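Let me begin by presenting the structure, written as structure tokens, before commenting on it.
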Amino acid sequence: MLRSFSSFCLVALAAGSLLGCKKDCATPQPSCYSGTVVATTCMLGVLVDVDPAYPIGARAVSIVGNRFLGNNVVAVANSATLGNLGQVGQQLHFTYTKTSAPTTPTMTCLAADGTTTPVPFVTLSNISTMSCDSVRAK
């Protein structure tokens with residue numbers, strides 16, 4: 001009985017090792033990201049340049065004024081929920097989920113004010129102005 005139970009545990013452990021991790025588990029994702037609001041646009045909403053240590057965004061240049069925005073920029077899909085936190089220059093700390101680009105605009109934009117190249121859309125959550133380290137310390 002003990003031998004069959006041990007064999008079962010060994011088989012379960014081997015199966016779990018082979019089937020348990022479907023993605024690259026060697027690089028754990030941080031629980032908190034940081035970035036700076038670099039622009040607010042009608043077409044894309046709030047644009048955030050994320051800390052370069054976490055390459056989740058793309059290089060972006062604004063259509064209006066051809067101004068460089070950053071190398072790791074994301075468009076915030078839930079921009080309307082940011083309120084005063086969506087102001088240019090604001091440092092944000094957050095978690096996120098990838099989101100597809102909106103299929104229909106939420107408002108009519110009178111001018112093209114997005115970016116010259118596509119940037120990924122994300123939905124921010126757990127948004128704070130306090131650094132990730134200070135939030136974890138509490």
Side-chain angles (χ1 to χ4, degrees):
M1 176 75 173
L2 183 59
R3 182 174 285 196
S4 63
F5 181 71
S6 297
S7 298
F8 174 75
C9 289
L10 186 59
V11 169
L13 181 64
S17 297
L18 294 174
L19 302 174
C21 191
K22 302 283 187 221
K23 60 182 181 177
D24 183 11
C25 294
T27 54
Q29 298 300 308
S31 59
C32 182
Y33 294 81
S34 62
T36 303
V37 175
V38 291
T40 55
T41 70
C42 177
M43 293 177 68
L44 301 174
V46 172
L47 300 176
V48 175
D49 190 22
V50 181
D51 182 336
Y54 309 110
I56 63 172
R59 186 176 193 284
V61 174
S62 66
I63 291 174
V64 177
N66 203 32
R67 184 172 61 91
F68 177 72
L69 299 174
N71 284 316
N72 198 20
V73 176
V74 295
V76 179
N78 56 332
S79 293
T81 63
L82 293 180
N84 290 337
L85 295 178
Q87 296 178 10
V88 173
Q90 178 67 58
Q91 183 76 27
L92 299 176
H93 305 277
F94 54 88
T95 56
Y96 80 97
T97 54
K98 290 183 180 179
T99 308
S100 58
T103 54
T104 55
T106 55
M107 62 178 63
T108 303
C109 300
L110 301 177
D113 69 346
T115 58
T116 57
T117 55
V119 295
F121 279 83
V122 297
T123 300
L124 301 187
S125 54
N126 301 317
I127 306 163
S128 174
T129 57
M130 295 173 53
S131 74
C132 300
D133 294 332
S134 65
V135 171
R136 267 188 238 118
K138 288 186 176 186

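One-based numbering along the sequence shown. All values reported here derive from a predicted model rather than from experimental measurement.
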Verify same cluster id: Val46, Tyr54 (apolar side-chain graph, 4.5 Å): yes
Apply side-chain contact (heavy atoms from CB on, under 4.5 Å) to the pair Thr129 and Gln90, showing each step before the final yes or no. CA-CA 8 Å; Thr129 57; Gln90 178 67 58; 3.3 Å; yes
Please walk me through it: do Asn72 and Asp51 pass side-chain contact (heavy atoms from CB on, under 4.5 Å)? CA-CA 7 Å; Asn72 198 20; Asp51 182 336; 5.8 Å; no
When every non-hydrogen atom of Gln91 is compared with those of Ser34, the smallest separation belongs to NE2-CB, 3.8 Å
When you group the ILVMFWY residues by side-chain heavy-atom contacts below 4.5 Å and let the links chain together, are Ile56 and Val38 in the same group? no
Heavy atoms only: give me the nearest Ala60-Val119 pair and the separation to one decimal. CB-CG1, 3.8 Å
Could you see if Leu92 belongs to whatever hydrophobic cluster contains Val50? Use Ile, Leu, Val, Met, Phe, Trp, Tyr and a side-chain cutoff under 4.5 Å. yes
Which label fits Tyr33 and Phe94: parallel for a plane angle under 30°, tilted from 30 to 60°, or perpendicular past 60°? parallel
Output for pair (Asp49 CG, Leu69 CG), nearest 0.5 Å, gives 8.0 Å
In this structure, OG1 of Thr40 is separated from CG of Leu47 (nearest 0.5 Å) by 8.0 Å
Can you measure from CD1 (Ile127) to CG (Leu82) and round to the nearest 0.5 angstrom? 4.5 Å
Tell me whether Asn66 contacts the main-chain N or O of Val61 through its side chain, where contact means a donor paired with an acceptor under 3.5 Å. no
Checking the side chain of Asp113 only, and the main-chain atoms of Met43 only, is there a donor and an acceptor separated by less than 3.5 Å? yes
Is there a path from Val74 to Leu44 through hydrophobic residues (I, L, V, M, F, W, Y) whose side chains come within less than 4.5 Å of each other? no
What heavy-atom pair brings Val48 and Val76 nearest, and what distance separates the two atoms? CG2-CG2, 3.7 Å
Taking every non-hydrogen atom, the tightest pair across Val122 and Asn78: O-OD1, 4.1 Å
Looking only at heavy atoms, which two atoms of Met130 and His93 are closest? And how far apart? O-CD2, 2.8 Å
Shortest non-hydrogen separation from Pro118 to Ala58 and the atoms involved: O-CB, 3.8 Å
Would you list the pairs meeting side-chain hydrogen bond (donor to acceptor under 3.5 Å, both in side chains) in which at least one residue belongs to residues 115-127, sequence neighbours left out? Thr95-Ser125, Thr95-Asn126, Thr99-Thr123
